[in-house]
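Read the structure below first, then the notes.
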Amino acid sequence: MSFFFSLDKQREWQQIKGPFGSFVTSIPRNSFSRKNIGYLFAILHGAEFIFDFDDDNFIKIDDNGDPLEILPEQDSENNNTIMLKDVSVVMQGLNTFNHHPIMGASIPDSWPRGFPMDLIQNNNTWGHIAYQTDIPFDSSGKRIGVIQFVADGNPDIDAIHRLSKPLLVTFSFESAKPVLVPTHSYSPYNAKATIHTQYALWATLLPSTVPGRVSDIWRSYISQCIFADTRLRIIFAPPKVIQKLNDHDCLGDFNAEKDLYMKSGMMIDFLSKWDSIYNTIPERMESLWIDLYEHGYIELDDVFYVQKWLGALIQIGFQFPELKPRIKNIALMGQFNYADKPSTINDVIFWTQKNREHFKTIIAAGPFTPDQMHNLSAHSIDAISNHNDTNGNLIQPGYYTPLENLKNVLLNYKDSSGIEGILYAHDDLILNVTELSESKFSFPSTSIIMVGNDDRKPDRVFGDGHVENFDRTQSFASVHEMYPDNHWMHLRTPYCASGITSLAQDPASSIYRETDGSIIFFWGGQSDALFIPITVADEFARAAELILKHRIFIECAMHTVIDKVLKRSNISIRYVQLCTDWDKRIRSHWIIKRGTNEMVENCLGQNKSFAFIHPYKLSVHGYREYDVTYEKLQ
C-alpha cells in the first residue's frame, strides 16, 4: 500500500491543535528535514518499520527479476520470529567504528560519510569479528534498532573521499555478513537505505538547522547516545541497493559537510561522556538536544523541534521503550591474573566491551607487559599493570597483586565526583548485574558487597606464632599444627601462613590488635569478587598496605582486610551468592563440572539468585558462549 501525502494534506495537519500541529507547522519547506513529517505519518498509521530511502538508491534485482526482500525473513524454526542470520558480532575498544573495511569495501581504507577525519587512518576503528550468530529482532540482549544497508556503485561517502579516491565502490555481497556494532561505539548511518524498527521509531527525527549532508549523520550519533541506555543495537547489512548518485558538486558537498569534518570526532567524545538525571527517553532526548545546542552542534530551533516532536508522539499515544541505563556511579575493575596467551589483547577487549553494555567506567588490571599496555591504550582500554615489582622482578601473577590493584584503583577514584565505589571482579567471573544492583540503575553504593555469609569464624594469630580459635578454647603452636589435614597448598606456603605470622609480629599492626594482643585472621575465602564503597577507600588502603607488606596470598588476605575495614569504620556488608561447583572423583573417574555449562545450568535451575558465576573462562568457552551465558544470568 502506498500513500501520496500532498502539501495540501500537510497543511491540514498544521491545523491540528497541540504539539502535533505545531510540529508540522515548524518544519521548513524545501528542507531535507521535511522527511520528519513522513516519519510522523508512518508512526501515526501504525508502522512497525520505517525504511528510509533516497531517490537515487535502487533496490537490487534477484535472479528471477524481482526486487530483493528488504526485511529479514521470518524463521519458521523459531516461531516465525524475524531473524537476522549469520550476524558478525564486532569487538573493538575505541568508541568509533568504521564499518567499511569489515564489510569488504573494494577501495582500501574507505570510510563512510560522517566518520571523524582524524581517525580515517586508524585501523583500530575497523574492529574484529568475535563470532557469528543469528539475532532475532526482539532479543533482550541485542534488540535491533536500526539496519543500515551499505550501497554499491556511488555510495554514501563524503566529498574528501570522492575527490581523493577512485569510484566506483562495491561491497562484498556474497561473503559479507551483517555486522553488529558494539554498544559503546559510534558509527555513522544515513537516511539513504535505512530501516528503523518499532523500538527506534522515536529516533527518526532529523535536525533542521544543519545542512542536509550533516543532518542524518547528526541524527545517527544523537540516537546512538540514547540507544546505549536502551539496549538498542545497530546493524550494517550487505548491499541490497545500488546508489546512482544524482548530479553532485563535490566542492559544494565539501562546503556543506564542514561540520562533519571539523566536529564529528568532538561530538562523539561529547556523547560518549554525556549523562542525564532523567529516566525516560523523552526527558533524556530533550535534555541531550539542549546540551547539543549549548555546545554548538545544532541551533536553538532544533531544541524547539525536538520538544514539539516528542509532544506530537505523546499526543498520538506512541509508547516509548523503557530505558535500561548503564551503571555510571561505580567503576568496574577486571582482574586478569595471566597475560601470557596470544589472545590476551582480544580477550581484554571483548571482556571490556561486554561489560560496557552495563557499566560506563571499566578498568582492566593484570600483569600486562609494556607492549601490551601500549596496545591496550591504542584500543582505548583503561588498564593498569603489575608486570614487575619495584626491583624489576616478574611478579607471581594473581597471588597478591589483585589486592594491590584494587587498593590503587580505589585511591585513584576516591576524590571522583561521579564514582561512588569499585566493583572488583576477576576475568573468569560473570556478573549478574541485576542481582548486584538490586535492579537499580544507580548502583547501591553504601555497603560492602562480598560473596559468602556472616557465619564464618576466623582465628587468632599471636606475635609468638601460636594460633588460637576465635573462642579461645583451643591453642596450637602453629598454623600447621592447627590444620594438620588441610592440603590447601597456600595455607602452608610463605604466601599465607608465614606471612600471617610476620604480620602478627609487626608493630604496625597494633591498630588492629584485639585486647588479648592477637590479630583476627581468616584462613582463605572467596576473593574473586568484591564491591568497596569509596567512603572507606582510605581504611581499605591502610589495611591492604599492611597485608601487602607481608606478601600474604589474596585468598588469605581479602576477608581479613574487610574485617579490619569493618573494625574501624561504620559501614555495613551485604552478602551475595556465588554459582560454582567442584570436581568430584568417584573411584578412578573424575566428574568434571567446575567451569562448565553444566555447572551454569545447574545453578540457573535452583530457586535462588546468584550474583556471580565462577569460574567461566573466555579461553575455554570462547566469545560466543561467554556472551550467551552472560545474557542468561541477567
Side-chain angles (χ1 to χ4, degrees), residues 337 389 395-407 424 426 448 450-530 532 536 539-569 571-573 575 578 580 582 614:
N337 283 346
D389 64 18
I395 293 175
Q396 182 67 42
Y399 276 31
Y400 44 80
T401 53
L403 179 59
E404 185 167 16
N405 291 336
L406 177 54
K407 178 206 74 171
Y424 151 94
H426 281 227
I448 293 172
M450 66 187 307
V451 172
N453 51 58
D454 60 0
D455 62 0
R456 289 190 65 220
K457 286 294 184 70
D459 295 314
R460 299 173 182 268
V461 183
F462 291 82
D464 62 1
H466 89 275
V467 184
E468 298 181 11
N469 64 352
F470 182 76
D471 297 328
R472 302 201 66 185
T473 58
Q474 294 177 300
S475 179
F476 303 88
S478 67
V479 174
H480 297 167
E481 183 180 313
M482 187 176 197
Y483 295 102
D485 299 323
N486 191 312
H487 299 292
W488 184 49
M489 68 173 183
H490 295 299
L491 187 61
R492 298 170 175 276
T493 62
Y495 294 111
C496 206
S498 299
I500 293 167
T501 302
S502 65
L503 169 69
Q505 297 169 345
D506 190 338
S509 66
S510 61
I511 61 172
Y512 300 118
R513 292 192 190 281
E514 301 298 307
T515 55
D516 61 3
S518 67
I519 297 291
I520 298 297
F521 219 96
F522 289 84
W523 305 103
Q526 221 293 328
S527 61
D528 294 279
L530 184 67
I532 302 292
V536 292
E539 283 298 339
F540 185 95
R542 182 182 290 110
E545 285 170 359
L546 185 59
I547 295 290
L548 289 165
K549 175 182 176 181
H550 296 277
R551 289 296 189 253
I552 298 172
F553 181 59
I554 183 67
E555 291 191 15
C556 291
M558 193 66 86
H559 284 250
T560 299
V561 171
I562 297 303
D563 178 71
K564 306 314 171 200
V565 172
L566 293 172
K567 185 179 180 68
R568 291 179 55 84
S569 62
I571 193 167
S572 60
I573 188 165
Y575 291 99
L578 171 72
T580 192
W582 296 93
H614 178 267

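Reckoned from all heavy atoms, side chains included, excluding hydrogens, waters and symmetry mates. FYI, the numbering just counts along the sequence from 1.
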Ile532 and Tyr424: CA distance, side-chain angles, deciding distance, side chain to side chain contact (heavy atoms under 4.5 Å, CB included) verdict: CA-CA 8 Å; Ile532 302 292; Tyr424 151 94; over 6 Å; no
Heavy-atom check, side chain of Phe540 versus side chain of Ile562, under 4.5 Å: yes
Within-4.5 Å side-chain heavy-atom neighbours: His559 and Met450: yes
Nearest non-hydrogen partners of Ser527 and His426, listed with the distance: O-NE2, 3.7 Å
Shortest non-hydrogen contact from Val561 toward Ala543: CG1-CB, 3.9 Å
Nearest heavy atoms of Arg513 and Ile519, plus distance in Å: CG-CD1, 3.7 Å
Close side-chain approach of Ile547 and Tyr400, heavy atoms under 4.5 Å: no
Residue pair Phe476 / Asp459, side-chain heavy-atom distance below 4.5 Å: no
Pair Thr473-Asn469, side-chain hydrogen bond (donor to acceptor under 3.5 Å, both in side chains): steps then yes or no: CA-CA 7 Å; Thr473 58; Asn469 64 352; 2.7 Å; yes
Under 3.5 Å donor-acceptor, Ser509 side chain and Tyr512 backbone: no
Heavy-atom check, side chain of Asp471 versus side chain of Lys457, under 4.5 Å: yes
Non-hydrogen atoms of Ser475 and His466 that approach each other most closely: OG-CD2, 3.4 Å
Arg542 vs Ile511 side-chain heavy atoms within contact, under 4.5 Å: yes
Side-chain heavy atoms of Trp523 within contact of Val461, under 4.5 Å: yes
Step-by-step side chain to side chain contact (heavy atoms under 4.5 Å, CB included) determination, Phe521 to Arg460: CA-CA 6 Å; Phe521 219 96; Arg460 299 173 182 268; over 6 Å; no
Shortest non-hydrogen contact from Val536 toward Ser569: CG1-OG, 3.8 Å
Considering all heavy atoms, the nearest Ala557-Leu403 contact: CB-CD2, 4.2 Å
Distance in Å, Ile448 CD1 paired with Leu566 CG, rounded so as to fall on 0.5 Å steps: 5.0 Å
